[in-house]
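Hydrogens, waters and symmetry mates play no part in the numbers below; they use all other heavy atoms, side chains included. So you know, we letter chains A, B, ... as the sequences are listed, proteins then strands, and number each from 1.
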There are 2 protein chains.
Amino acid sequence: MSTKRDNISLSVIRRLPRYHRFLHDLMLSGVTRISSRELSERMGLTASQIRQDLNCFGGFGQQGYGYIVEQLYDEISRILGVGNNLPTILLGAGNLGHAIASHMVFEDRGFHLIGIFDRDPKLQGQEINGIPISSGDCLEEFCKQNKPVVAILCLPRDAVFDIAKRLVEWGVEGFWNFSHFDLSLHFPNIVVENVHLGDSLLTLSYRVSEHRRQE
Amino acid sequence: MSTKRDNISLSVIRRLPRYHRFLHDLMLSGVTRISSRELSERMGLTASQIRQDLNCFGGFGQQGYGYIVEQLYDEISRILGVGNNLPTILLGAGNLGHAIASHMVFEDRGFHLIGIFDRDPKLQGQEINGIPISSGDCLEEFCKQNKPVVAILCLPRDAVFDIAKRLVEWGVEGFWNFSHFDLSLHFPNIVVENVHLGDSLLTLSYRVSEHRRQE
DNA sequence: TAGATTGTTAATCGATTAACAATC
DNA sequence: TAGATTGTTAATCGATTAACAATC
């Protein structure tokens, strides 16, 4: 009943967090049971898609009845690895890095932030959420001792390649990449999740301009 | 030669900023001419896809020769609307909003940031990049006078719906949405570009966990 | 001209939707 | 049991890749 999982497509995976979010809200509003049809209406997609997606991982529903909200939520939490607490470091505590470190709740999403690094001596010694900002000098030592699995990259583009290369050597397996550097081209065996804010903004520019053109 | 454009798919649009980026880099490194094959190798996709994508908008190449880098860059800039300077406001100047306002170069990407708003009295009066943070009270007045077309939402989830509703009434046509609120469900005729950092992080969690499982 | 590479049409592949038998 | 809704197979749709004639 628990896990079929066999090369799930990225399209499916990217929908899971949204299911997770909606199920969480349903729980908060006291809904205990939901059918794929009702969930599909609330989320703006098809019931078929929901059933297909969920059945990549197992049969979580019950014919004639639907899905138990809390149970489905727990299953998706487990699938997403919410309890995994992957040891994580953040590189680059400038504007963006600082905001990410203080704004995100990592613990609820499968991560445990254990270190923050920045070259700028002015930042060193400061703390974010109780984690001190260290200089890059001690990074190798830190990695060998604490074995971070994930690194968040809020560095300027030019600094990324060198640091990423070393981090991979020291055992990092995944990057949350905010820089405009195409990491996956250089590290094909590493997981890279990009947040390309500039690309997102340009996409918005195109779409708004197009939208205005059609009026 | 200039613009065919006829219901371009979002998949194509989302690749344009990346082409734009790569062409920019090529220009910087002094490359003046490139074939779809060589660009495809550098970007890690197929030559076919590049030619298909570009031909949604027009025939920018030359048989037997390839593409002139600078010319193609300019065309894509124009397609993306980089010169449009859409008047834009930012709502919510907390950690994340502050970082976005100070970190992003809006002017190079089709936007012109003209106002920042936050309810917190402590922030009011402060400036980010020369733009003062105003209270929400004057928002309606401001919109009527300055007609912002785009709004960046860095607000807590619960505040989003009400503000978005009013902004749409006052003429806003597009949102850059950092909140975990599904705007597009409520405003089907508005352009919404989501940056769901939490979803991105959960996706990373899944993928890294999966990656580790397979070793 | 011959060689190269585009623009475009056709073939393939993958993702979404529809349909329905299984079953709670 | 009858009604409802799942899990799953089949059909459709869209996106990517391959092929090639047009042409610089």
Listed nucleotide nearest any side-chain atom of [X], set [options]:
| X | options | result |
| --- | --- | --- |
| B:Gln63 | D:dT8, D:dC24, D:dA15 | D:dC24 |
| A:Gln52 | C:dG7, C:dT8, D:dT9 | D:dT9 |
| A:Arg51 | D:dA19, C:dC20, D:dA15 | C:dC20 |
| B:Ser11 | C:dT5, C:dA22, D:dA15 | D:dA15 |

If I take atom [atom1] in residue [X] and atom [atom2] in nucleotide [N], what distance separates them, rounded to the nearest angstrom?
| X | N | atom1 | atom2 | value |
| --- | --- | --- | --- | --- |
| B:Leu54 | D:dT16 | CG | P | 14 Å |
| A:Gln49 | D:dT8 | CD | C1' | 16 Å |
| A:Asn55 | C:dT16 | CG | P | 15 Å |
| A:Ile68 | D:dT5 | CD1 | C1' | 14 Å |

Could you tell me whether the phosphate oxygens of D:dG7, OP1 or OP2, come under 4.0 Å of any side-chain nitrogen or oxygen in A:Tyr67?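 So the side-chain polar atoms of A:Tyr67 do come within 4.0 Å of the phosphate oxygens OP1 or OP2 of D:dG7, strictly under.
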
OP1 or OP2 of C:dA18 versus the side-chain N and O atoms of A:Ser48: is any pair under 4.0 Å?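 Checking C:dA18 against A:Ser48, no side-chain N or O comes under 4.0 Å of OP1 or OP2.
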
Using the ring of B:Tyr65 (Phe, Tyr or Trp, six-membered ring only), decide whether B:Arg33 places NZ or CZ under 6.0 Å from its centre and within 45 degrees of its axis.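 Yes, a cation-pi geometry.
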
Without hydrogens or angle criteria, can the side chains of A:Ser179 and A:Arg157 be said to hold a donor-acceptor pair below 3.5 Å?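 Their side chains do not contain a donor-acceptor pair, so the 3.5 Å distance test is not met.
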
Can you tell if the side chain of A:Leu90 reaches within under 4.5 Å of the side chain of A:Ile100, non-hydrogen atoms only?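 In contact.
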
What would the secondary structure line of DNA chain D be in dot-bracket form, counting Watson-Crick and G-U wobble pairs under 3.5 Å, with [ ] for pairs that cross earlier ones and | for pairs with another strand? ..||||||||||||||||||||||

Enumerate the residue pairs fulfilling salt bridge (Lys or Arg N to Asp or Glu O under 4.0 Å) with a member in residues 172-184 of chain A, sequence neighbours excluded, ordered by first and then second residue.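 Passing the test, one end in residues 172-184 of chain A: A:Glu173-B:Arg212, A:Asp182-B:Arg18, A:Asp182-B:Arg21.
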
Can you sort out which residues in residues 23-36 of chain B have a heavy atom within less than 4.0 Å of DNA chain C? Ascending by number, please.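 Here the set is B:Arg33, B:Ser35, B:Ser36.
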
Look at the rings of A:Phe175 and A:Phe187 and say which category their plane angle falls in: under 30° parallel, 30 to 60° tilted, over 60° perpendicular.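 If you compare the ring of A:Phe175 with that of A:Phe187, the planes turn out tilted.
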
Between A:Ser9 and B:Arg37, just flag the one whose closest nucleotide in DNA chain C comes earlier from the 5' side.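 This one resolves to B:Arg37.
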
Considering heavy-atom distances to DNA chain C, does A:Leu10 or A:Gly64 have its closest nucleotide positioned more toward the 5' end?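 Final value for this comparison: A:Leu10.
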
